[in-house]
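One structure is given here, and the rest of the page talks about it.
Naming: A, B, ... by sequence-line order, numbering from 1 per chain. These numbers come from the heavy atoms of this one structure, side chains and all, not from hydrogens, waters or symmetry mates.
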Amino acid sequence: MNLLAVLDYGSVLVFAITGALVASRAQLDLVGFAFIASLTALGGGTIRDLLLDRDPIFWIADPTYLAVAVAAALAVFFTAHLLESRRRALLWLDSLALSIAVAAGAGVAMALDQTAVIVVLMGMITGCMGGLMRDVVVGDVPVVLKQGELYVTAAFAGSATAALARHYGFDPLVTLPGCAVVTWILRAGSL
Amino acid sequence: MNLLAVLDYGSVLVFAITGALVASRAQLDLVGFAFIASLTALGGGTIRDLLLDRDPIFWIADPTYLAVAVAAALAVFFTAHLLESRRRALLWLDSLALSIAVAAGAGVAMALDQTAVIVVLMGMITGCMGGLMRDVVVGDVPVVLKQGELYVTAAFAGSATAALARHYGFDPLVTLPGCAVVTWILRAGSL
Amino acid sequence: MNLLAVLDYGSVLVFAITGALVASRAQLDLVGFAFIASLTALGGGTIRDLLLDRDPIFWIADPTYLAVAVAAALAVFFTAHLLESRRRALLWLDSLALSIAVAAGAGVAMALDQTAVIVVLMGMITGCMGGLMRDVVVGDVPVVLKQGELYVTAAFAGSATAALARHYGFDPLVTLPGCAVVTWILRAGSL
């Protein structure tokens, strides 16, 4: 399993947990948990794959991604009542998911030899769109859009770091973790 | 006209009526009716076709689907005032549309020889996404997400039935109606 | 630069300004401005390109579109406080963007030799979907759906004009400006 796959699975897992926590606040049933968790976890990457015309979509090519999202939803379904402050946990997990997903999105675009502009955008889209769809669907104000949250800004800084590091010849093994760290520091710093 | 086409037209017709009833509550004009009716009726299948990279999209290949949706919108536009309780009518029609659309979505995925996981998902996506987009666009809480509605659960049970029946060698002529019936019983039972 | 490109750039520019004005009301930061401006400006055309399976998407093929949207967002970010009534400016700009985008969408479908039905739809989708996504994402009631706004109706009339004019053999140099003018007169007349 290469670095790109590790990042993809990681972001799917953590975003699925954030989706399941939102489903928990909305008091959905088990299938509702799995639905929102999958939308959150797979949504950003799906839009990235549609825009880049990757065929098949990553979770159709490898349904393990979907299994990870559903398993995370089940785990949260049976343990969400144990978490004292879901809101706080949600924000921290979301910042983690964002940073991994931005790196995964930028990594896919770099693996397809896209230009720097598209690398930056795919990082931002993969990182932000899943959480955006989660919030829009359940009727919350999108975290992405809240004042002072540095959400999109963090995604931009992270994927710009990745594009710059590639430009100066760094290996993806350095570029992508660097992208995730920059994204996370900015986003977590705003919490 | 084969079974799959009948299911597709049926779900387009009934979902278009639900979309037009929502447009009626929002007091839109005639074109607004046609717009929301088409979004609801064609939205789920469009997402399915984009994800499966079917080209062209079903309603670009055959604009009759669009004509059916627009005709249904016109019919509701001139008769909606006759319906005493639109809310009730909407929920029952929606349960019918859901069950037909789930069967149509699962049927398309089976016709493309997709795996069981993808068959189940395409059934759920085709069934749930049109109504979800309808509700998000007009600013309602999505029916899909209301507590105790068994909406996504019904779609899951129906398309899982279809995937199982195919696994045991049943003919689509049995599988798809079975899928629609299972979906409808669960969804209607929760109303 | 041909007429189609002028229309495309024009609609991207004006829609980006409307998106940035919405970002201004939501008090987002600079990157948030660029994000909403790009979603608004490129959203409708992106959906059009996905549905028509154009590959690559127009702003991946030519990132200048994206640069225009981001530049417009920056310009509004530093000048929005000068505008006395943003709401009013927003509606007028939006009507202008709508009419140009409808012409651009219909023009792309005509350049691909699509049927009249698809030309009309692509005009409507390109014109309405960007603004619809902008409003849904920031949690506003979509302008598209407000009573008495003639929004979708104007888009329909404009793209139907384009399809009819093509049918009677008019040149795109006449057809597309005609489409924009018809759309704008109807939409602006309802303001």
Side-chain angles (χ1 to χ4, degrees), chain A residues 43-44 46-55 57 98 102 108-109 112-125 127-160 163 183 186-187 190, chain C residues 12 16 19-71 73-74 77 129 132-142:
Chain A
T46 302
I47 293 179
R48 175 197 64 202
D49 286 0
L50 286 175
L51 292 174
L52 293 177
D53 209 18
R54 279 176 103 201
D55 181 40
I57 304 291
L98 171 72
V102 167
V108 164
L112 294 173
D113 280 324
Q114 296 284 344
T115 61
V117 172
I118 302 303
V119 166
V120 172
L121 270 173
M122 291 302 147
M124 293 172 74
I125 285 172
C128 299
M129 284 298 178
L132 184 64
M133 290 197 288
R134 173 197 65 206
D135 294 343
V136 164
V137 162
V138 300
D140 286 355
V141 178
V143 178
V144 166
L145 292 179
K146 281 190 190 134
Q147 241 187 300
E149 290 283 352
L150 285 186
Y151 203 95
V152 193
T153 309
F156 171 74
S159 37
T183 307
L186 273 176
R187 172 68 185 132
S190 79
Chain C
V12 164
L21 284 174
V22 167
S24 163
R25 276 196 299 158
Q27 301 188 281
L28 300 184
D29 64 12
L30 191 52
V31 183
F33 267 65
F35 183 78
I36 301 290
S38 303
L39 181 74
T40 311
L42 309 175
T46 301
I47 293 180
R48 174 198 64 201
D49 285 1
L50 286 175
L51 293 174
L52 293 177
D53 209 19
R54 278 176 104 200
D55 181 40
I57 304 292
F58 73 109
W59 52 266
I60 292 183
D62 176 7
T64 316
Y65 290 109
L66 192 71
V68 168
V70 171
L74 294 191
F77 185 77
M129 284 298 178
L132 185 64
M133 291 198 289
R134 173 197 64 206
D135 293 344
V136 164
V137 162
V138 300
D140 285 354
V141 177

Nearest-0.5 Å distance that lies between atom CG in C:L42 and atom CG in C:L39:
8.5 Å
Please classify the contact between A:L132 and chain C as side chain, backbone, both or neither, with a heavy-atom cut-off of under 4.5 Å.
side chain
First locate atom CG of C:L21, then atom CZ of C:F77, and finally report the distance between them rounded to the nearest 0.5 Å.
13.0 Å
Contacting moiety of A:I47, where chain C heavy atoms sit under 4.5 Å:
neither
Which atoms of C:I36 are under 4.5 Å from chain A, going by heavy atoms: the side chain, the backbone, both sets, or neither?
side chain
dist A:T183:OG1 -> A:M124:CE (nearest 0.5 Å) comes out at 10.5 Å
Side chain, backbone, both or neither of C:P63 within contact of chain A (heavy atoms, under 4.5 Å):
side chain
Measure C:T46 against the heavy atoms of chain A and call it side chain, backbone, both or neither at under 4.5 Å.
side chain
Does A:S159 reach the main-chain N or O of A:A155 with its side chain, forming a donor-acceptor pair under 3.5 Å?
yes
At what distance, to the nearest 0.5 angstrom, does CZ of C:F35 lie from OG1 of C:T40?
10.0 Å
At a 4.5 Å cut-off on heavy atoms, which part of C:D53 comes close to chain A: side chain, backbone, both, or neither?
side chain
Spatial distance of atom CZ (A:R48) from atom CD1 (A:I118) [nearest 0.5 Å]
14.0 Å
For chain A, the option from C:V136, C:L50, C:V31 that forms the most heavy-atom pairs under 4.5 Å
C:V31
